[in-house]
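No experiment lies behind these values; they were computed from the predicted model shown.
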Amino acid sequence: MSKRAHRSPLLTARDGMWLVLTVATTLAPHLGNLPIWLAGVATLLLAARLFVDLHRIPAPGKILLTTMAVAITVLTGVHFGELFGRAPGLALLTAFLGLKLLEARTRRDGLAVVLLCFFMQLGQFLQSQTMNTAVFTMIGVIMATSTLARLHGVANAKGSIRLAILLALQGVPLMLVLFLLFPRIQGPLWGLPGDAFAATTGLSGSMQPGSISNLVRSGEIVFRAEFSGEAPSPRLRYWRGPVLSKFDGRTWTQSNHREAKTPFYRVSGTAYSYTMTLEPNGQRWLLALEVPIGGPDQARYSSDYQLLSERPVTSRIRYSARAYPEARTGAEATEDILQEALALPDSDNPRARRLGQNLRQRHDAPRMRITALLEQFRESALIYTLNPPLLGNNPVDEFLFDTRRGFCEHFASAFVFIARAAGVPARIVTGYQGGEQNPVDHSIVVRQSDAHAWAEVWLKGHGWVRVDPTAESSPSRIDDGIRTALAGEVDLPFVIRADFDWLQAARYRWEAANNAWNQWVLGYDPRRQRLLLNLLGLDSTDWRQLTFVIFLLSLLIVATLMRWVYARPSDCDELDRSWRKLCAILARAGVERMHNEGPLDFSRRAATLRPDLANQLEQIGSLYAFLRYGLRGPDDLQKRTTLKKLVDELGKQ
Amino acid sequence: MPQEPRFQPALGTLLSAAEEIILGKRHTLKLALTAVLARGHLLIEDIPGVGKTTLAHTFARLLGLRFQRIQFTSDLLPADVLGMSIFDRESGSFRFHPGPVFAQLILADEINRATPKTQSALLEVLEEEQVTTEGTTHYLPDPFFVIATQNPITQIGTFPLPESQLDRFLLRVSIGYPDQIAERALLLGEDRRSMLERHPPVIDAETLKGAQIAAGRVHVSDRLADYLQALIRATRDDPEILIGLSPRAGLGLLSAAKAWALLEGREMVLPEDVQAVFPNVAAHRLIARDGTRHSGSALAQRVLTEVAIC
């Protein structure tokens, strides 16, 4: 054998296209996470490979490729400020995958590209673990496996794709065993420290004009809640977030509060119990429905009645809680809290201040002052809009008396300001209001667009009472949700706009499926595993036992698959199937083929036993003999079809 | 690819003509023709008087081949077969006088009566198709075909052919007694020898060579090769068999099957073709482990029954 024969065979142009397609399906779901220039580079590299294959021109040489590799590495380093970490790592991998694709000449290179694709598909889960990612990865895996089959000699496209799907299906039981039984660790499987939880939108601990209206432009889901019984009406769905009590004239910030493991209130009245699936927001607030009891293990209650998690929420968590909308809070509020809820900056917003003082003079009872204030709000014909004009140094005055256009933060801010001026302790509560009920699985989905700010006033004998000044001017915001209240405004996120019914229906289904995915796949945590294992009579704490069970089940699955594979002759094809079918038909008719009987002998013997079918039998016998043992000819396909038809006809007789 | 001349009609005529001489022995005749087409040699093992010599004569006549008969006896010397150099007084040098082996069809009658030395001299010729004496190589004619006959080895005064020599014969056949009808035709009919002398050759040497080439080109599919190998492997793995088929025997089996397929008028080999020739290719090559209990033919038959066609 010559030395050349040891070298890997060259890739054909068609192999090249398969590789391009594989890399494309692998990278497609990934491009959005890349810096835009790198996504462009990766697309260009793919296109270059396609061009090289289509026009059969020589691929770029080593020097050019090396230069490109170095340049991309440097650019990536500059872009991210480092080369280690999740995002730069994946970016580099993407670029090198493209370069390797462009470079690939021999089958060996092709295999390297395919293996890199598999690695890349795994890497995707570092970025996202949604159902879409899983579906995309599935397609990518099947594509890569088909290409692998092709590189190992499965020449036709249909055959290689079928083989890949078959292999993937064979992997399913093994995957399930590992998924269900592999010892779980607390936290997300793919979580990475550092940049993994960068930049999530959501409420912050402070509020100034514009901070909530900006948030509302995002259709991102904040959490889902599934009520075990009837869900409370939208009017009651106030999901409490940070409470803002300090005001410097422009920005509201959180009050000082204490935390405890037990609540600062007693609950009574109707209870709604629900299961919450909270998306990571990098903050501690758990956005519980007012007034909450429950939450995850180690949850804390704050003195301003928030439910807080022990640590910032950096992965999707799921917990159950109960809400008591009728419960009273703060009946015995301490003096320092009330003082904080009355404090105003020294000198600004003179008109609002004057209005407060007027109310104080006119009404003795704080309760009456609040009623009058709300009346005032209603009469001022304030307009609820996502695009309020910019405000100057006296934002409350300008909103209330000049522009009269504002979003919920303007309403709440102005209300609390005047209430304090009127001598009634008041503060702002931020959070989410309403949420949309998915008719498919009846869960309530709350998005960033449901972000809201409302007010709370303290009345002697009643404690803290929720007042929503936005509701006075725009009741539909509370009853029907933001998309009705702001129907005319185009800035709302596309996903929540009510214009298209079919889109909405599709969205509901999609979100229900996603929710199920989150609950059952991503939400399969140590606790659920423990439940399942106990159900199976296993002790999950004993990892040796688990390992043994995994080993045993895997062995069983592999053995079953092997039995299935080896029970059939290895190169079974359509021709064999036709022949086997004939044998089965004749066996039923009493003519059994002997295992060492050739096709002609058999069909002749059968013909003598069934003279009525002699013609067909001999025709089948010689067709099969020719197709099986003869030279390949141009009319084979036609003969194959004839054979199949004859056998089928025989079967009917 | 040029269209191959069709040999099947000519070969069919040949077989029919031979059948007129040797009555009721179509299968044996077909096997003998298979050996010719596969460029192998034939060993006929049978009792005297069943027509071994007649068969050889028939083929020589019908194929139009130059025929030589060598009667093997215990005092036959290698030179009597191969030829020898004799000093020529006129030219003053040695001159090679070719022996009877320099013919196109040789009948080596009762080969097991000669001494092993003479036997091996002939059998080496079968393999080499050339004779070398005193540094000069003399090529045998083409086609060259040997029919050896052998009486069953239980008879007195014989030197049984060793296994290594048996392997040089592609096929071993026996003729056997004629059936009742054939026997009566033989008894009451014309003398076979004079019938044969009147019969013209059916094909010439060139056509025969063409047919031999065509036999070599018969298609062998992967599936058939699988079956062939399965058969060969079975002879080697069988616990009852001491020595299975050699690679040379495997090659022989394949070329015999191809020749048989050509005789059947096919362009590809079927398992049936392999099965048709297998007992005659394998029986004289297989050696049972305990020596006596199973004959070669029984072993070959058993292998055929056991190996499945998939």
Does B:Arg236 have more than 12 heavy atoms from other residues, nucleotides or ligands lying within 6.0 Å of its CZ?
yes
Do other residues, nucleotides or ligands put more than 12 heavy atoms under 6.0 Å from the CD1 atom of B:Ile181?
no
What residues form a side-chain hydrogen bond (donor to acceptor under 3.5 Å, both in side chains) with A:Arg610, not counting sequence neighbours?
A:Asp612
I would like to know whether A:Asp576 and B:Arg223 meet side chain to side chain contact (heavy atoms under 4.5 Å, CB included); could you show each step before the answer?
CA-CA 11 Å; A:Asp576 279 326; B:Arg223 255 331 153 85; 2.7 Å; yes
Counting neighbours of CZ on A:Arg14 that are heavy atoms of other residues, nucleotides or ligands and sit closer than 6.0 Å, is the number greater than 12?
no
How would you list all residue pairs meeting salt bridge (charged side-chain N to carboxylate O under 4.0 Å, His left out) that involve residues 8-19 of chain B, not counting sequence neighbours?
B:Glu19-B:Arg26
side-chain hydrogen bond (donor to acceptor under 3.5 Å, both in side chains) with A:Thr26: which residues, sequence neighbours excluded?
A:Gln121
Is it true that atom CG of B:Asp222 has more than 12 heavy atoms of other residues, nucleotides or ligands lying nearer than 6.0 Å?
no
Give a yes or no on whether A:Asn615 atom CG has more than 12 heavy-atom contacts from other residues, nucleotides or ligands under 6.0 Å away.
no
At a 4.5 Å cut-off on heavy atoms, which part of B:Val218 comes close to chain A: side chain, backbone, both, or neither?
neither
Residues A:Tyr629 and B:Ile309: closest non-hydrogen pair is OH-CG2, 3.5 Å
Suppose a student defines contact as a heavy atom less than 4.5 Å from any heavy atom of chain B. Which residues in residues 590-598 of chain A would they list?
A:Arg593, A:His595, A:Asn596, A:Glu597, A:Gly598
Residue pair A:Leu600, B:Arg266: steps toward the side chain to side chain contact (heavy atoms under 4.5 Å, CB included) verdict
CA-CA 12 Å; A:Leu600 287 191; B:Arg266 270 196 297 272; 3.3 Å; yes
Give a yes or no answer on whether the side chain of B:Glu272 reaches the backbone of A:Asp601 with a donor-acceptor pair at less than 3.5 Å.
yes
In terms of heavy-atom contacts, does NZ of A:Lys639 have more than 12 from other residues, nucleotides or ligands at under 6.0 Å?
yes
Per-residue contact mode, B:Gln275 against chain A (heavy atom under 4.5 angstrom)
side chain
